[in-house]
Amino acid sequence: MPELPEVETVRRGLEPVLVGRRIRRVDLARKDLRRPFPPHFAERLRGRTVTSLARRGKYLLARLDSGETWLIHLGMSGRFTIIPPNGKPRVPGEFYYEAPADAGARGPHDHVVIELEDGYRLVFTDPRRFGVMDLIAPDGEESHPLIADLGIEPLGNEMNAERLAKAFRGKKAPLKAALSDQKVIAGLGNIYSCEALFRAGLSPFKPAASLVTKAGAPRAGLERLVKAIREVLGEAIEVGGSTLRDYADANGTPGGFQTLFSVYDREGEPCRRPGCGGIIKRVVQSGRSTFYCPRCQRRTGS
DNA sequence: CGGGACTCCTGCCAGC
DNA sequence: TGCTGGCAGGAGTCCC
């Protein structure tokens with residue numbers, strides 16, 4: 001599930017259910033996910049009201065009326081299911097709209113259940129347990145180790161060619177790796193890095209620094225990349241993100257962007273750019289699959 | 001220091 | 001049909 005568009009989709013789905021409601025009960029099925037829950041996690045959530053639900057990169061930040069912030073990362077397989085008190089869909093079209101027949105039964109990977117004062121329950125399910133939850137002390141967000149070093153927020157005001165040029169300057173890492181680096185840009189993962197590079201017509205193998213002039217100014221390719229990132233993320237959020245292997249799973253609304261992939265998971269298929277005729281290739285870069293069109297993505301800086 | 005390899009964990013699926 | 005190896009949306013840690 002979880003790159004920026006998917007996390008944002010989850011945020012928008014949870015917001016109307018969670019914000020403004022008091023947490024009545026917290027059940028933990030185990031003491032850790034990828035790392036241990038913080039001390040007294042359930043007790044510190046219980047009785048609190050969520051005052052806002054924000055997102056930074058791939059992290060969700062639920063601010064509590066205690067001043068603390070409940071930090072959530074979905075990892076590879078984390079997701080939330082909203083179970084209304086009557087077990088039926090709350091509002092069709094929201095994040096969760098198809099209550100399973102056994103709504104309320106706890107599955108083997110349902111690690112956290114949050115019950116709200118109005119009887120709604122949020123179930124956090126994460127088979128691979130790469131997810132993270134933590135509680136941040138009041139005013140501690142900016143210094144929290146998991147989010148302090150995050151890079152540019154790609155949908156924010158600071159996302160522009162000049163800022164990205166500063167981050168790319170001198171970087172020898174290939175563009176694909178640089179884009180997926182959360183310290184450079186926060187929120188892009190394997191899918192949207194590939195998709196953004198395709199849209200910008202840029203080779204995933206060229207060093208990030210090749211998009212910056214010697215003087216440190218953005219080259220034309222970097223301007224294209226900024227635009228491509230914004231567009232790809234925006235379009236993906238519009239259709240609820242991407243859903244891959246768990247597409248048929250009844251737990252949660254499937255996203256729609258996977259049918260719009262230009263390159264991701266399309267190895268051997270024809271490039272979708274009219275008249276291109278290229279075949280999508282897959283290579284492994286720093287341990288992860290990169291998908292690209294060898295015809296469209298030859299360009300470097302200009 | 002920057003960048004790549006390895007690791008955590010479970011599920012799934014192509015291929016034998 | 002049934003097993004199995006490889007691979008999966010992330011990212012911290014280690015090592016060169």
Side-chain angles (χ1 to χ4, degrees), chain A residues 1-11 29-36 55-60 71-80 107-111 124-134 144-151 154 167-196 204-210 232-233 236-237 239-261 263-268 282-291:
Chain A
M1 254 207 140
E3 296 181 37
L4 189 151
E6 292 74 38
V7 177
E8 178 61 23
T9 298
V10 170
R11 193 198 68 75
R30 49 183 304 128
K31 61 183 189 326
D32 59 9
L33 295 172
R34 182 170 186 200
R35 42 192 280 177
R55 179 191 55 71
R56 174 77 172 101
K58 299 174 191 169
Y59 289 90
L60 290 171
L71 173 145
I72 302 161
H73 193 287
L74 302 176
M76 284 282 245
S77 58
R79 61 173 180 247
F80 278 96
H109 305 300
D110 296 344
H111 307 307
F124 179 76
T125 308
D126 184 10
R128 293 177 72 177
R129 297 207 306 274
F130 287 168
V132 170
M133 288 195 191
D134 200 2
H144 190 280
L146 292 178
I147 53 179
D149 297 331
L150 289 179
F168 276 7
R169 194 175 190 187
K171 254 201 175 307
K172 290 176 191 164
L175 272 174
K176 165 67 188 321
L179 278 190
S180 306
D181 184 347
Q182 301 305 295
K183 292 180 173 61
V184 175
I185 303 181
L188 295 185
N190 214 32
I191 292 178
Y192 298 102
S193 295
C194 291
E195 293 293 315
F205 310 110
K206 293 295 192 304
S210 67
V232 163
L233 294 179
I237 290 171
V239 297
S242 307
T243 308
L244 298 185
R245 278 137 197 89
D246 41 4
Y247 184 72
D249 194 319
N251 273 353
T253 306
F257 196 70
Q258 63 280 359
T259 63
L260 302 175
F261 287 160
V263 288
Y264 186 81
D265 209 18
R266 295 194 64 238
E267 182 184 16
R282 182 182 82 96
V283 296
V284 174
Q285 270 183 303
S286 42
R288 315 194 67 84
S289 290
T290 294
F291 298 88

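Every chain is numbered from 1 and lettered A, B, ... according to where its sequence line falls, protein lines coming before strand lines. Heavy atoms only: backbone and side chains are in, while hydrogens, waters and symmetry mates are out.
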Undergrad: Under 3.5 Å, is there an N or O donor on one side and an acceptor on the other linking the side chain of A/Arg128 and the base of B/dC9?
TA: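 Counting by modelled atom types and ignoring angles, a donor-acceptor contact under 3.5 Å is found here.
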
Undergrad: Select one nucleotide: of C/dG9, B/dC8, C/dA8, the one nearest the side-chain heavy atoms of A/Arg34.
TA: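 So the side chain of A/Arg34 is nearest to B/dC8.
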
Undergrad: For DNA chain B, whose closest nucleotide is more 5', that of A/Pro127 or that of A/Ser286?
TA: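 With A/Pro127 and A/Ser286 compared, the 5'-side residue is A/Ser286.
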
Undergrad: Measure from CG on A/Asp265 to C1' on C/dA8 and round the result to the nearest Å.
TA: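 Roughly 10 Å, once rounded to whole Å.
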
Undergrad: Looking at side-chain heavy atoms only, is the closest gap between A/Ser242 and A/Phe261 below 4.5 Å?
TA: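 In short, these two side chains touch, coming nearer than 4.5 Å.
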
Undergrad: Counting only non-hydrogen atoms, which of residues 170-182 of chain A are less than 4.0 Å from DNA chain B?
TA: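 Residues of residues 170-182 of chain A under 4.0 Å from DNA chain B: A/Lys171, A/Lys172, A/Ala173, A/Pro174.
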
Undergrad: So does A/Lys58 get a backbone contact from the side chain of A/Glu3, meaning a donor-acceptor N/O pair under 3.5 Å?
TA: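 Side chain of A/Glu3 to backbone of A/Lys58, a donor-acceptor pair under 3.5 Å: no, none is there.
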
Undergrad: Between atom CD in A/Gln285 and atom P in B/dG3, what is the gap in whole Å?
TA: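 It works out to 13 Å between those atoms.
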
Undergrad: Hey, can you pull the donor-acceptor pairs under 3.5 Å for the side chains in residues 170-180 of chain A, sequence neighbours left out?
TA:
{"from": "A/Lys176", "atom 1": "NZ", "to": "A/Asn190", "atom 2": "OD1", "distance (Å)": "2.6"}
{"from": "A/Lys176", "atom 1": "NZ", "to": "A/Ser289", "atom 2": "O", "distance (Å)": "3.4"}
{"from": "A/Lys176", "atom 1": "NZ", "to": "A/Thr290", "atom 2": "OG1", "distance (Å)": "2.9"}
{"from": "A/Ser180", "atom 1": "OG", "to": "A/Lys176", "atom 2": "O", "distance (Å)": "3.0"}
{"from": "A/Ser180", "atom 1": "OG", "to": "A/Ser193", "atom 2": "OG", "distance (Å)": "3.0"}

Undergrad: Write down the atom of A/Pro5, the atom of A/Ile237, and the distance for their closest heavy-atom approach.
TA: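 Answer, listing the atom of A/Pro5 first, then A/Ile237: CA-CG1, 3.7 Å.
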
Undergrad: Okay, side chain of A/Gln182, backbone of A/Gly187: is any donor-acceptor separation there less than 3.5 Å?
TA: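 Yes.
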
Undergrad: To the nearest angstrom, how far is A/Tyr59 atom OH from C/dG10 atom P?
TA: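 Nearest whole value for this atom pair: 12 Å.
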
Undergrad: Can you check whether A/Ser77 has a side-chain N or O nearer than 4.0 Å to OP1 or OP2 of C/dA8?
TA: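 Answer is no, no contact under 4.0 Å.
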
Undergrad: May I ask you to verify if any side-chain N or O of A/Lys58 is less than 4.0 angstrom from the OP1 or OP2 atom of C/dG9?
TA: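 Answer is no, no contact under 4.0 Å.
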
Undergrad: Rounded to whole angstroms, how far apart are CD on A/Glu6 and C1' on C/dA8?
TA: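 Spelled out: CD on A/Glu6 to C1' on C/dA8 is 14 Å.
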
Undergrad: Do the ring centers of A/Phe257 and A/Tyr264 come within less than 6.0 Å of each other?
TA: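 Ring centroids of A/Phe257 and A/Tyr264 are no less than 6.0 Å from each other.
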
Undergrad: For a quick test of reading the model: is some side-chain N or O of A/His109 closer than 4.0 Å to OP1 or OP2 of B/dG11?
TA: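 It does, given that an N or O in the side chain of A/His109 lies less than 4.0 Å from OP1 or OP2 of B/dG11.
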
Undergrad: Listed by chain and number, what are the side chain to side chain contact (heavy atoms under 4.5 Å, CB included) partners of A/Leu146, not counting sequence neighbours?
TA: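 Residues passing side chain to side chain contact (heavy atoms under 4.5 Å, CB included) with A/Leu146: A/Arg35, A/Tyr59, A/Leu71, A/Val132, A/His144.
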
Undergrad: Is the phosphate of C/dA11, meaning OP1 or OP2, less than 4.0 Å from a side-chain N or O of A/Arg288?
TA: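 No, because none of the side-chain N or O atoms of A/Arg288 sits under 4.0 Å from OP1 or OP2 of C/dA11.
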
Undergrad: Just call it for A/Leu146: base, sugar-phosphate, or nothing, with non-hydrogen atoms closer than 4.0 Å on any strand.
TA: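 Counting heavy atoms under 4.0 Å across all strands, the contact made by A/Leu146 is with sugar-phosphate only.
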
Undergrad: Go ahead and write out DNA chain C as dot-bracket, 5' to 3': ( ) for pairs within the strand, [ ] for ones crossing earlier pairs, | when the partner sits on another strand, dots for unpaired; Watson-Crick or G-U wobble, both distances under 3.5 Å.
TA: .|||||||.|||||||

Undergrad: Taking atom P of C/dA11 as reference, at what distance in whole Å does atom CE of A/Met76 sit?
TA: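 Rounded to whole Å, this separation is 10 Å.
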
Undergrad: Does A/Phe124 have any ring-ring contact (aromatic ring centres under 6.0 Å, His included) partners at least two apart in sequence or in another chain, and if so, which?
TA: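 Listed in chain order: A/Phe80.
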
Undergrad: Could you tell me the separation between the CZ atom of A/Phe291 and the P atom of C/dC7, rounded to a whole number of Å?
TA: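 Nearest whole value for this atom pair: 11 Å.
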
Undergrad: For the pair A/Glu6 (side chain) and A/Gly240 (backbone), establish whether a donor and an acceptor sit closer than 3.5 Å, ignoring hydrogens and angles.
TA: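 Pair absent, no side-chain N/O of A/Glu6 close to backbone of A/Gly240.
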
Undergrad: Does a nitrogen or oxygen in the side chain of A/His73 sit under 4.0 Å from OP1 or OP2 of C/dG10?
TA: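 No, A/His73 has no side-chain N/O under 4.0 Å of OP1/OP2 on C/dG10.
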
Undergrad: How many Å lie between CZ on A/Arg35 and P on C/dG10, as a whole number?
TA: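 These atoms are roughly 18 Å apart.
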
Undergrad: Check the geometry between A/Phe130 and C/dG10 and answer yes if their rings are stacked (centres below 5.5 Å, planes below 30°), otherwise no.
TA: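 Yes; centroid distance and tilt both under limits.
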
Undergrad: Not counting sequence neighbours, which residues clear side chain to side chain contact (heavy atoms under 4.5 Å, CB included) with A/Arg11? List them please.
TA: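 Partners of A/Arg11 by the side chain to side chain contact (heavy atoms under 4.5 Å, CB included) criterion, ordered by chain and then number, come out as A/Glu8, A/Glu15, A/Leu53, A/Arg55, A/Leu60.
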
Undergrad: For nucleotides C/dG6 and B/dC6, find the distance between their P atoms and express it as a whole number of Å.
TA: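 Nearest-Å result for C/dG6 against B/dC6 at atom P: 14 Å.
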
Undergrad: What's the CZ-C1' distance between A/Arg129 and B/dG11, to the nearest Å?
TA: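 So the CZ-C1' distance, A/Arg129 to B/dG11, works out to 13 Å.
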
